[in-house]
Amino acid sequence: MPNQNTNPIHIHDTLSREKRRFEPIDPANVRIYVCGPTVYDLAHIGNARPIVVFDVMVRLLRLVYGADHVTYVRNVTDIDDKINARAHERGITIRDLTNDTLNVFHSDIEALNALPPDIEPRATEYILPMQDMIQVLIDKGNAYEKDGHVLFNVPSMSEYGKLSRRKRDELIAGARVEVAPYKKDPADFVLWKPSDPAKGEPGWDSPWGYGRPGWHIECSAMSRAHLGEVFDIHGGGLDLIFPHHENEIAQSRCAHDAPTMANYWMHNGYLMAEGEKMSKSLGNFYTVNELLQEFPGEAIRLLLLKTHYRQPLDFTKDGLVEAKRELDKLYRALQVFDEASARMPEFSERAAKDNHIDEKFIDYLCNDLNTPQAIADLHMMANTAFHNDKGSDEGLILMAHELRQSGDLLGLLKMNPEDWFKWLPAGAAEGLSDDDIDAKIAARTEARKNKDFAASDTTRDELQAAGIVLEDGPSGTTWRRG
């Protein structure tokens, strides 16, 4: 049941163009579907934005309604013309390509602290449900077969275009739809198309011949299989509004005789890179995998959340450097808090059992995922560590738990501070290892005991020259990479 200590969630619904109070169909079974990756190539940073955005949404839903009362489905598109072309180009099977690509995708988004979905259906495992839905649409007059193709009959749905709010002629021009002799209407879109085994195209037997599904029918079938004919939230990038989500709505509503497919539609804004559209020719095309060789995943995640999800985001490497600095500050605050916890371990242990997330922080997220304001609140919490001259250890410990639990709701501050500050980019030049640094610090500590301050200062200078910052405290000397 809903957490009584939180205000209602409000979501900007793309379909109504209004911010609406979220009222789930069943509070004991909140259902969300998000369009996942097409696994033919490494995920780029634009692909990562919806993964991170809707990960926060799911975390919030689980906080409010309970982890056992939220079902999060994110699909995998593993049948697609781009996949066919890439597998042929590399001389491998489609299954090998999609498996390899999906494994890297999972590793990359795990580094961004994105939780796995409850269910991750692969399109190729739902061919029969897709065929069943296609046949229903044919039987109802919403689809027709021609030359081995099955197409959705767009004029059969009077409300087609309601999501994108464009006239049908504008939609056709904007989508650059394929002009084909087998179409009754230029706007009609493919539900099933023939496959040529001689070209290595994957296919399945069907009432309309050997072939494969169109892209849009995949999500309609998979969402129905796991969330039902009508569910709570459908999410994805702004670029999916048309044609993908528009076509999903058309298929699902007509097949199920339903007034809607999902009660709320959420779309994250476009992503630019270094001020321009991402392009390999411009040198600003960033894959998540490449960025993780230079920056910690939390820095990437923070940068993606610093801009409100519905706004356009200009992703830059300078922005990543700044995000890393911000996280350095938050982790330094945790170090100060942890020192207080070490002085009062029993109090800290008791306090850890309670919920310390401030209601105001949750309210920011309940207000259409206002992550920029929530992040600003994290910094205000952290400031307590640096401006607490007259404060108590109890206060610091409570703030430590509040900072950690609030950060967790955003998928941040998941590392031990010591590990955070020892992190090195994968491509960093060889330097002092952790063991080397620990050995030098041990030698410096011994020199200080022997009052050999010259040797102690020399060691500190050597470490500083290597980019190692030492911090002396009551419990000893800690270090971090500057």
Side-chain angles (χ1 to χ4, degrees), residues 14-15 35 38 75 77 79-85 123 126-196 199 201-224 229 234 236-262 265:
T14 307
L15 186 61
C35 289
T38 300
N75 77 294
T77 297
I79 174 68
D80 180 86
D81 288 347
K82 291 180 180 178
I83 292 173
N84 302 342
Y126 291 80
I127 300 299
L128 286 179
M130 294 177 206
Q131 292 180 352
D132 290 343
M133 185 175 286
I134 292 170
Q135 188 61 57
V136 169
L137 291 169
I138 292 174
D139 294 342
K140 290 185 174 183
N142 299 114
Y144 59 91
E145 188 273 335
K146 180 71 172 178
D147 297 338
H149 294 77
V150 180
L151 297 108
F152 185 87
N153 181 16
V154 169
S156 71
M157 185 186 184
S158 61
E159 293 188 332
Y160 186 83
K162 190 176 179 180
L163 181 68
S164 50
R165 293 199 176 184
R166 296 179 185 178
K167 295 180 180 179
R168 196 169 64 84
D169 290 344
E170 294 173 341
L171 292 172
I172 295 170
R176 299 178 183 177
V177 297
E178 179 187 3
V179 177
Y182 48 77
K183 288 187 176 184
K184 291 182 179 180
D185 187 281
D188 295 349
F189 57 88
V190 171
L191 302 174
W192 188 266
K193 55 188 172 183
S195 294
D196 186 350
K199 295 180 180 179
E201 294 175 344
W204 291 262
D205 291 327
S206 81
W208 320 287
Y210 186 76
R212 60 195 189 277
W215 174 31
H216 314 300
I217 196 68
E218 297 175 6
C219 285
S220 286
M222 287 185 283
S223 63
R224 180 187 184 280
E229 295 180 356
H234 195 314
L238 197 65
D239 57 311
L240 296 181
I241 291 177
F242 188 86
H244 187 48
H245 289 167
E246 194 79 74
N247 291 351
E248 278 188 61
I249 291 173
Q251 298 161 163
S252 295
R253 286 190 57 190
C254 290
H256 307 142
D257 293 323
T260 188
M261 177 185 182
W265 288 83

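Not a single donor-acceptor pair under 3.5 Å links the side chain of Lys184 to the backbone N or O of Asn153. At distances below 3.5 Å, not a single donor-acceptor pair connects side-chain atoms of Glu145 with backbone N or O atoms of Val150. When atom types are taken as modelled, the side chain of Lys146 and the backbone of Lys183 share no donor-acceptor pair closer than 3.5 angstrom.
With contacts defined as side-chain heavy-atom distances shorter than 4.5 Å, the pair Ile249/Tyr160 does not qualify. Between Arg212 and Asp81, the closest side-chain pair of non-hydrogen atoms falls below 4.5 Å. Contact check for His244 versus Cys35: side-chain heavy atoms found under the 4.5 Å cut-off. The closest side-chain heavy-atom distance from Trp265 to Leu163 is below 4.5 Å. Taking 4.5 Å as the limit, every side-chain heavy atom of Glu229 sits out of range of all side-chain heavy atoms of Ser252.
Remark: Thr38 OG1 to Trp215 CH2 distance equals 6.5 Å, nearest 0.5 Å. How far SG of Cys219 is from CE of Met261: 7.0 Å, rounded to the nearest 0.5 Å. Atom CG of Asp185 sits about 10.5 Å away from atom CG of Leu151, to the nearest 0.5 Å. Summarising the geometry, atom CG belonging to Asn142 is positioned 11.0 Å from atom CG belonging to Asp188; distances are rounded to the nearest 0.5 Å. Note that the NZ atom of Lys199 and the CG atom of Asn84 stand 11.5 Å from one another [nearest 0.5 Å]. One finds the CG atom of Asp239 at 8.5 Å from the NE2 atom of His245 (value rounded to the nearest 0.5 Å).
Within 6.0 Å of the NZ atom in Lys82, the count of heavy atoms belonging to other residues, nucleotides or ligands does not exceed 12.
Nearest heavy atoms, Trp204 versus Ile127: CE2-CG1, 3.6 Å. Residues Tyr182 and Tyr144 come closest through the heavy atom pair O-CE1, 3.6 Å. Scanning both residues, Asp80 and Thr77, for their nearest heavy atoms gives CB-CG2, 4.2 Å. Heavy atoms only, all atoms of each residue included: Ser220 and Glu248 are closest at OG-O, 3.3 Å. The minimum heavy-atom distance linking Gln251 with His216 is given by the pair NE2-O, 3.1 Å. What you find for Ala123 and Ile79 is that their closest heavy atoms are CB-CG2, 3.8 Å.
Among residues two or more places apart in sequence or in another chain, the ring-ring contact (aromatic ring centres under 6.0 Å, His included) test is passed with Trp208 by Trp192.
For the residue pair Asp196/Tyr210, the side-chain donor-acceptor check at 3.5 Å is not satisfied.
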Without placing hydrogens or testing angles, list every side-chain donor-acceptor pair under 3.5 Å for residues 128-138, not counting sequence neighbours.
unit_1, atom_1, unit_2, atom_2, d
Gln131, NE2, Asp205, O, 2.9
Gln135, NE2, Asp139, OD1, 3.0

